[in-house]
Amino acid sequence: NGKEKGHRDLCVVLFACVTTVVVDASPKLHNPLSSLSSSSSTTTTTTTMTEPPQPQQITLKAGGDRTRVEESEAQAIAQRFQDEIDAAKNGNAAEAVVTTVDLSCRAWPRSSLEHLRPVLSQVAPTVQVLQIDDIIASLPTDEGLESLEFFAQVFASNKNDDNDESTTNTMVLQEVNLNDNALGTRGDQVLLPLFSLPSVTKLYLENCGMSAEVAASLCQSLNQKPLTALKLGRNAMGAAGAEHVQTLLEQYPSTGTTTGTLQVFHYNGSRPFRPG
């Protein structure tokens, strides 16, 4: 019995030793993902996307009293416009663009407008809004037409210095305000290049002395033009003029077509009713 007990004790000791050796000799398993995760947690950085700065938008406004602009004042206005452009750009042409030109509520003879030609020709490709309402009041008819023609030349065409031929520019002009200018049939024809610009979608022609004859000419000029705003209020076109306007409006159903959707239309005070 003593021998059997001693034998059992020896077996237990040997088994324990073997087990211990096996356990101690087992290789330590390495998890590569653990080190990757640990490394990522310490090295990952967040990248924030920033939008490029938007160019500053400039409005050139003549201002002043409701008087005739003489050449000396026009020269001063032209210089002020150029100074405003240079100051806004601050040496970086990509940082500022002229989007609005406002010469409204002054009488501008052609001789005075010519002093503005260099600066206006410079900014014309970026101008989106042209406010030239009430600019030929008190001017003789022919002189007023010459002033209107000036804007068609500057904003709808340019002179090629090499061959002195007019070529159409790619413009972004969208809105033209001609309210309170006595156009007549000749004014409509003078401004036709401006009206025909594909980019122009907003046209304001209120109180422009339009007769039925002028309405017919204008509506023909605007045929198939994708306008979104048209203002013809306070023009005594009568019933005959209303028929021409109706024909024009028929291409702008409320649902919109390839011609476009007319969102704003003013016709107040244009006397569209038949006599009696």
Side-chain angles (χ1 to χ4, degrees), residues 59 61-64 66-69 100-108 113 127-139 141 143-152 155-156 173-197 199-223 225-252 254 259-274:
T59 295
K61 181 178 176 62
R66 295 176 63 91
T67 57
R68 179 187 175 102
V69 180
T100 301
V101 170
D102 185 355
L103 304 180
S104 60
C105 300
R106 302 292 306 274
W108 285 91
L113 286 172
V127 172
Q128 300 176 24
V129 178
L130 179 60
Q131 294 182 295
I132 48 176
D133 46 304
D134 195 14
I135 62 164
I136 59 174
S138 76
L139 297 180
T141 300
E143 191 173 357
L145 290 173
E146 290 177 354
S147 295
L148 295 177
E149 183 184 33
F150 169 85
F151 294 99
F155 289 93
L173 184 63
Q174 300 174 12
E175 177 180 321
V176 180
N177 187 340
L178 282 157
N179 291 345
D180 303 314
N181 290 305
L183 300 182
T185 52
R186 295 169 62 189
D188 170 54
Q189 294 304 308
V190 163
L191 291 167
L192 184 58
L194 200 60
F195 296 162
S196 301
L197 281 176
S199 58
V200 173
T201 58
K202 299 178 181 179
L203 193 55
Y204 305 151
L205 296 165
E206 296 192 299
N207 191 33
C208 289
M210 289 188 186
S211 62
E213 182 183 4
V214 176
S217 176
L218 175 67
C219 291
Q220 184 176 4
S221 301
L222 299 179
N223 186 40
K225 185 169 182 58
L227 293 175
T228 60
L230 177 62
K231 297 183 179 181
L232 299 174
R234 295 177 291 141
N235 287 296
M237 291 183 277
E243 293 179 358
H244 296 295
V245 175
Q246 178 186 3
T247 301
L248 176 66
L249 294 180
E250 286 175 349
Q251 63 182 320
Y252 298 103
S254 58
T259 303
T261 301
L262 190 62
Q263 300 170 2
V264 177
F265 176 68
H266 288 187
Y267 200 65
N268 53 301
S270 290
R271 305 175 186 175
F273 303 109
R274 296 187 182 281

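Any value given below was found using the heavy atoms of this structure, including those in side chains, with hydrogens, waters and symmetry copies removed.
- Looking at Asn207 and Asn179, their side chains never bring a donor and an acceptor atom within 3.5 Å of each other.
- Heavy-atom minimum distance, Asn181 versus Leu178: ND2-O, 3.1 Å.
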**OP:** Any chance you could lay out the side-chain contact (heavy atoms from CB on, under 4.5 Å) test for Leu230 and Leu262, step after step, and finish with the verdict?
**Re:** CA-CA 8 Å; Leu230 177 62; Leu262 190 62; 4.2 Å; yes
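- Taking each heavy atom of Met210 and Met237 in turn, the nearest pair found is O-CG, 3.4 Å.
- Taking each heavy atom of Tyr252 and Leu222 in turn, the nearest pair found is OH-O, 4.3 Å.
- Every side-chain contact (heavy atoms from CB on, under 4.5 Å) that Ser211 has, sequence neighbours left out, goes to Glu213, Val214.
- Applying the salt bridge (charged side-chain N to carboxylate O under 4.0 Å, His left out) test to pairs two or more places apart or on separate chains, those with a residue in residues 181-197 are Asp142-Arg186.
- Separating the CG atom in Leu227 from the OG1 atom in Thr261 is a distance of 11.5 Å, to the nearest 0.5 Å.
- Panel note: side chain Ser199, backbone Leu173; a donor-acceptor pair is recorded below 3.5 Å.
- When side chains are defined from C-beta on, Leu148 counts as touching Leu183, because their heavy atoms get closer than 4.5 Å.
- Inspection of the Arg234 and Ser270 side chains reveals no N or O donor paired with an N or O acceptor under 3.5 Å.
- Between Thr67 and Arg106 the shortest side-chain heavy-atom distance falls below 4.5 Å.
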Original post:
Taking it one step at a time, do Val129 and Gln174 satisfy side-chain contact (heavy atoms from CB on, under 4.5 Å)?
Top reply: CA-CA 6 Å; Val129 178; Gln174 300 174 12; over 6 Å; no
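- To the nearest 0.5 Å, atom CG of residue Asn235 and atom CG of residue Leu205 are 7.5 Å apart.
- Here the straight-line distance linking atom CD of Glu243 with atom OG1 of Thr247 works out to 7.5 Å at 0.5 Å rounding.
- Residue pairs meeting the side-chain hydrogen bond (donor to acceptor under 3.5 Å, both in side chains) criterion with at least one partner in residues 127-136, sequence neighbours excluded, are Arg66-Asp134.
- The side-chain contact (heavy atoms from CB on, under 4.5 Å) search around Ala212 returns Ala240, not counting sequence neighbours.
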Original post:
Could you go step by step and tell me if Leu248 and Leu218 meet the side-chain contact (heavy atoms from CB on, under 4.5 Å) rule?
Top reply: CA-CA 10 Å; Leu248 176 66; Leu218 175 67; over 6 Å; no
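- Remark: Leu191 CG to Leu203 CG distance equals 9.0 Å, nearest 0.5 Å.
- Between Ile132 atom CD1 and Cys105 atom SG the span is 12.0 Å, to the nearest 0.5 Å.
- Partners of Tyr267 according to the ring-ring contact (aromatic ring centres under 6.0 Å, His included) rule, which considers only residues two or more places apart in sequence or in another chain, are Phe265.
- In terms of heavy atoms, Trp108 sits closest to Leu139 at O-CD1, 3.6 Å.
- Note that CZ of Phe155 is 5.0 Å distant from CG of Leu130, once rounded to the nearest 0.5 Å.
- Closest of all the heavy-atom pairs between Phe195 and Lys225 is O-CE, 2.8 Å.
- No side-chain heavy atom of Ile136 sits less than 4.5 Å from a side-chain heavy atom of Glu143.
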**OP:** Begin with the C-alpha distance, continue with both residues' side-chain angles, and end with the deciding distance and a verdict on side-chain contact (heavy atoms from CB on, under 4.5 Å) for Leu113 and Ile135.
**Re:** CA-CA 11 Å; Leu113 286 172; Ile135 62 164; 5.6 Å; no
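- Qualifying side-chain contact (heavy atoms from CB on, under 4.5 Å) partners for Ala182, counting only residues two or more places apart in sequence or in other chains: none.
- A pairwise comparison of heavy atoms in Ser138 and Ala107 identifies OG-CB, 4.0 Å as the closest pair.
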